[in-house]
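Below is one structure, written out as structure tokens; the observations come after it.
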Number of protein chains: 4
Amino acid sequence: MALRKKAGEPADGGGRHAAGEDPSKRTQILDGAKRVFSRTGFDGASMNDITREAGVSKGTVYVYFSSKEDLFGAMVEREREVLLGDVIALLEGPEPTDERLTRYARRLVTLLCSDEVVRWVQVLIGTSAKMPELGAKFYEGGGQKGWRKLREFLDREVEAGRLAIPDTGLAAHQFAVLATAGLWRRRLFAHLAEPPDAALVEKTVASAVQVFLAAYGR
Amino acid sequence: MALRKKAGEPADGGGRHAAGEDPSKRTQILDGAKRVFSRTGFDGASMNDITREAGVSKGTVYVYFSSKEDLFGAMVEREREVLLGDVIALLEGPEPTDERLTRYARRLVTLLCSDEVVRWVQVLIGTSAKMPELGAKFYEGGGQKGWRKLREFLDREVEAGRLAIPDTGLAAHQFAVLATAGLWRRRLFAHLAEPPDAALVEKTVASAVQVFLAAYGR
Amino acid sequence: MALRKKAGEPADGGGRHAAGEDPSKRTQILDGAKRVFSRTGFDGASMNDITREAGVSKGTVYVYFSSKEDLFGAMVEREREVLLGDVIALLEGPEPTDERLTRYARRLVTLLCSDEVVRWVQVLIGTSAKMPELGAKFYEGGGQKGWRKLREFLDREVEAGRLAIPDTGLAAHQFAVLATAGLWRRRLFAHLAEPPDAALVEKTVASAVQVFLAAYGR
Amino acid sequence: MALRKKAGEPADGGGRHAAGEDPSKRTQILDGAKRVFSRTGFDGASMNDITREAGVSKGTVYVYFSSKEDLFGAMVEREREVLLGDVIALLEGPEPTDERLTRYARRLVTLLCSDEVVRWVQVLIGTSAKMPELGAKFYEGGGQKGWRKLREFLDREVEAGRLAIPDTGLAAHQFAVLATAGLWRRRLFAHLAEPPDAALVEKTVASAVQVFLAAYGR
DNA sequence: CATGAATGAGATTTCATTCAT
DNA sequence: TATGAATGAAATCTCATTCAT
């Protein structure tokens with residue numbers, strides 16, 4: 001299923017649209033593309049499926065996006081911010097640090113191991129070889145942003161004297177991976193067919209907080 | 001002019017085989033397939049490319065493998081054990097626990113973040129949605145096996161009174177993810193274009209061991 | 001330089017059609033398919049040949065027909081009614097029964113033994129093993145229909161007191177096979193390379209009528 | 001499934017075999033070929049299937065037969081005499097003419113409408129377009145031979161004063177087709193999925209004899 | 001002479017993309 | 001601008017035939 005043309009310069013696709021283009025039509029196309037790409041991956045999706053799902057004609061898609069790759073990129077661009085959403089907000093509050101970390105981790109694991117996110121990440125990682133900048137961009141908007149927020153939170157906690165962390169950037173990574181401790185990895189490889197149940201999540205999260213605080217708590 | 005025999009080693013190379021299927025030819029095909037799949041992923045690879053890369057004819061591939069999926073599966077089967085190799089051996093030795101853990105983690109990170117393994121894992125995760133049993137099998141032979149060995153190691157250390165771990169299975173996962181703390185994840189998304197340099201590895205590994213021992217050391 | 005539009009009649013040719021599928025294009029494909037299938041049979045025909053003969057691209061064929069079998073079936077469906085045409089009409093008229101039977105038989109033999117019909121029947125019989133429903137359907141539209149009409153004619157003649165037939169259904173079959181008496185069979189096996197000449201037809205037909213009336217005349 | 005080479009001059013295949021060739025091996029191959037061709041037709045049969053069914057290797061087949069067509073031809077050559085076998089013998093005997101005709105016709109219909117013969121004839125007719133000489137040759141050995149014998153029988157009956165037939169050649173054809181009266185034709189088109197049951201055969205045969213004798217009896 | 005692994009042209013079918021309407 | 005019929009390159013897979021052993 002090799003691509004016919006290496007897609008020279010994406011004509012438009014990026015964002016700003018020429019005179020006469022209908023932004024709602026663009027949204028409509030992206031919505032259809034999202035559903036189809038998520039179901040079948042990049043190579044598995046046919047432009048036919050996408051036009052059918054979006055309810056527009058083939059020609060119209062090519063008015064808004066110069067190629068399949070361009071469309072895929074635009075969709076990633078639009079979606080990447082949405083996935084992690086407001087998880088960060090859970091870190092804030094008057095509760096003790098461990099409680100807030102637990103709350104945050106619980107939500108993070110549940111989200112990352114959900115069918116939707118796993119599917120999405122599989123698709124993105126699968127295309128990272130062909131379109132590396134896309135994977136990177138996606139990570140920027142997803143994991144990277146979350147990491148930055150978490151680091152800032154840790155900085156504040158350190159400043160407040162509630163944690164003692166020499167390298168909060170590294171610690172933020174550590175907490176994130178401790179939270180999923182193998183669950184996410186196994187989900188990506190389909191070694192876990194279903195999202196982990198609440199008990200497993202709870203056990204993993206509790207241990208993650210405990211290990212983290214054993215190292216960085218006061 | 002057909003290239004009837006382009007193969008480096010002409011004859012057999014191994015020895016006895018029942019009906020005639022030449023194992024060296026099989027190996028030759030799998031080698032070619034490995035290179036092509038690794039470059040382009042499952043969907044992106046064409047059987048034409050593979051035959052060209054392997055130096056055999058199209059028909060020959062189908063003598064040894066009944067379909068593209070079959071070929072892909074056979075290749076995964078062959079490769080999955082090789083990747084992690086003897087990392088586990090580094091856990092053994094007379095040295096103190098932290099030293100052995102550091103040695104192990106250093107190697108694990110270097111391996112997991114290597115271009116080859118990252119590429120490989122990207123391909124596998126990319127196909128895990130379509131062929132879940134293959135991803136799972138790969139994980140069984142790779143991560144799962146490593147995890148089991150690590151858990152057994154931790155069990156022995158606990159028994160020896162050098163560590164205090166309530167759940168060694170969970171702890172094994174935790175150590176593994178702490179070792180790569182975000183590096184592997186970023187590599188998968190091509191957010192890190194190159195393998196991490198030695199200093200970054202060292203810093204990450206050292207911190208991983210420190211955190212782990214802070215939680216589970218005596 | 002692609003031959004984007006090679007079609008003789010460019011536009012439509014027919015009139016209203018719901019979604020856009022061009023009936024003239026469909027006809028064009030069926031015409032090409034008919035020629036190729038008739039030359040080489042089902043298995044011997046390649047879709048490439050058909051597209052070339054029809055003057056359309058490969059993809060276009062698959063827009064109108066979902067598979068080679070589908071195309072073949074559609075063509076049989078279209079042709080089966082045409083072959084026997086208005087032979088039946090020859091049975092009607094004010095002339096004496098024997099004259100009408102002779103006229104009918106003469107035309108039937110000529111038609112059945114014509115190159116076109118023989119070729120067609122060979123193809124259909126050749127595929128009847130693999131696609132029985134198609135052969136049956138063809139026979140329904142061809143021989144079966146003719147047989148029914150002939151039986152009805154005989155019924156009327158019996159009712160009119162001009163013939164005495166205990167089983168008109170069986171008699172209809174008998175008259176039809178008497179008319180071709182071995183000629184059709186030999187044509188099918190290519191034992192007769194050419195259609196029988198007029199004299200042979202006349203002799204066969206005359207004898208058929210004579211035998212038939214000897215048995216069922218009054 | 002077009003043939004690669006138009007099969008220049010069949011090297012051997014015809015009959016006489018070069019020094020060193022094993023006639024029993026030739027028979028073995030033909031037996032396998034007969035089974036496979038009869039199941040799938042000419043185009044549908046693969047040389048692989050045939051070698052497997054015959055229990056010989058590919059190379060061996062090509063020692064005895066120069067091509068797939070050659071093999072098919074040789075098999076038809078061998079089989080064509082066998083099918084109709086000793087039906088003719090049923091015409092002889094001390095019984096009255098009508099009884100002998102009935103006995104003969106009964107057997108003829110049963111044989112011609114049997115699954116095996118129908119399948120065989122379908123295959124032959126299906127290939128008659130591509131290989132006309134084969135169909136003709138087959139008919140020579142089958143129908144034609146039967147027809148000759150029947151004509152000779154009629155000649156004798158005429159000579160004996162038991163029948164009055166101006167053209168025994170034509171009459172032989174007429175009796176043969178009256179005997180199957182549509183049954184065979186419908187079987188060839190798969191319009192009759194099963195061989196006709198005994199009652200139907202009996203009715204058809206009885207009527208055939210009656211019609212025939214009404215025209216040609218004394 | 002017998003074997004069957006290997007060949008590679010060619011089969012059917014799909015699909016990203018174009019362009020006349 | 002929107003449409004979707006048409007394109008044709010390329011995909012996977014088959015198979016008659018050859019030839020080194």
Side-chain angles (χ1 to χ4, degrees), chain A residues 1-5 7 18-22 25 43 45-51 56-64 66-69 71, chain B residues 2-5 7 10-11 19-22 25 43 45-51 56-69 71, chain C residues 2-7 10-11 19-22 25 43 45-51 56-69 71, chain D residues 1-5 7 18-22 25 43 45-52 56-64 66-69 71:
Chain A
M1 230 168 273
L3 293 166
R4 199 68 45 82
K5 288 191 175 177
E21 290 190 1
D22 182 350
K25 184 85 60 173
D43 285 304
S46 88
M47 291 300 265
N48 245 337
D49 297 342
I50 291 172
T51 56
V56 299
S57 79
K58 287 242 196 80
T60 302
V61 171
Y62 281 88
V63 167
Y64 288 89
S66 68
S67 69
K68 191 183 178 186
E69 295 202 11
L71 172 58
Chain B
L3 60 158
R4 197 63 51 87
K5 286 243 164 172
E21 281 202 355
D22 187 342
K25 190 72 77 172
D43 285 308
S46 91
M47 291 301 264
N48 252 337
D49 297 344
I50 290 172
T51 56
V56 299
S57 78
K58 228 178 291 188
T60 302
V61 171
Y62 282 90
V63 168
Y64 289 87
F65 305 97
S66 66
S67 68
K68 192 185 178 184
E69 294 205 5
L71 172 57
Chain C
L3 60 158
R4 197 63 52 87
K5 284 243 165 173
K6 192 207 160 186
E21 282 202 353
D22 187 343
K25 189 72 77 169
D43 286 307
S46 89
M47 291 300 264
N48 249 336
D49 297 343
I50 291 171
T51 57
V56 299
S57 78
K58 230 176 290 189
T60 302
V61 172
Y62 282 90
V63 168
Y64 288 87
F65 305 97
S66 66
S67 68
K68 192 184 178 185
E69 294 205 5
L71 172 58
Chain D
M1 229 169 272
L3 293 167
R4 199 70 43 83
K5 289 189 175 179
E21 290 192 1
D22 182 351
K25 184 84 62 173
D43 284 304
S46 88
M47 291 300 265
N48 245 339
D49 297 342
I50 291 172
T51 56
R52 195 178 311 117
V56 299
S57 79
K58 289 244 197 77
T60 302
V61 171
Y62 281 89
V63 168
Y64 289 88
S66 69
S67 70
K68 191 184 178 185
E69 295 202 10
L71 172 58

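Convention: sequence-line order gives letters A, B, ...; per-chain numbering from 1.
Projected onto DNA chain E by closest heavy-atom contact, C:Thr60 and B:Thr60 fall at different nucleotides, the more 5' of which corresponds to B:Thr60. Toward the 5′ end of DNA chain F lies the nearest nucleotide of C:Gly59, the other residue of the pair B:Glu69 and C:Gly59 mapping further downstream.
Between C:Tyr62 and F:dA6 there is no side-chain polar atom (N or O) within less than 4.0 angstrom of OP1 or OP2. Residue A:Ser57 has a polar side-chain atom (N or O) positioned under 4.0 Å from OP1 or OP2 of F:dT3.
Among the nucleotides F:dT17, F:dC13, E:dT7, the one closest to any side-chain atom of B:Val56 is E:dT7.
For B:Ser67, the side-chain contact (heavy atoms from CB on, under 4.5 Å) test picks out B:Glu69, B:Asp70, with sequence neighbours left out. A:Ser46 meets the side-chain hydrogen bond (donor to acceptor under 3.5 Å, both in side chains) test with A:Asp49; sequence neighbours excluded. For the side-chain hydrogen bond (donor to acceptor under 3.5 Å, both in side chains) test, no residue two or more places apart in sequence or in another chain qualifies with A:Thr51. With sequence neighbours left out, the side-chain hydrogen bond (donor to acceptor under 3.5 Å, both in side chains) criterion links D:Ser57 to D:Thr60. Partners of A:Lys25 by side-chain hydrogen bond (donor to acceptor under 3.5 Å, both in side chains), not counting sequence neighbours: none found.
E:dT3 atom C1' lies 15 Å from atom CZ of D:Arg52, rounded to whole Å. Look at CE on B:Met47: it is 23 Å from P on F:dA9, rounded to the nearest Å. Rounded to a whole Å, the OH atom of B:Tyr64 is 7 Å from the P atom of E:dA5. Taking atom CG of D:Leu71 as the reference point, atom P of F:dT17 lies 10 Å away to the nearest angstrom.
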Requested in this report: Determine which bases of DNA chain E form Watson-Crick or G-U wobble pairs with both distances under 3.5 Å, and write the result as a 5' to 3' dot-bracket string with | for other-strand partners.
Outcome: .||||||||||||||||||||

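Remark: the D:Lys58 side chain and the F:dT17 base include a donor-acceptor N/O pair separated by less than 3.5 Å.
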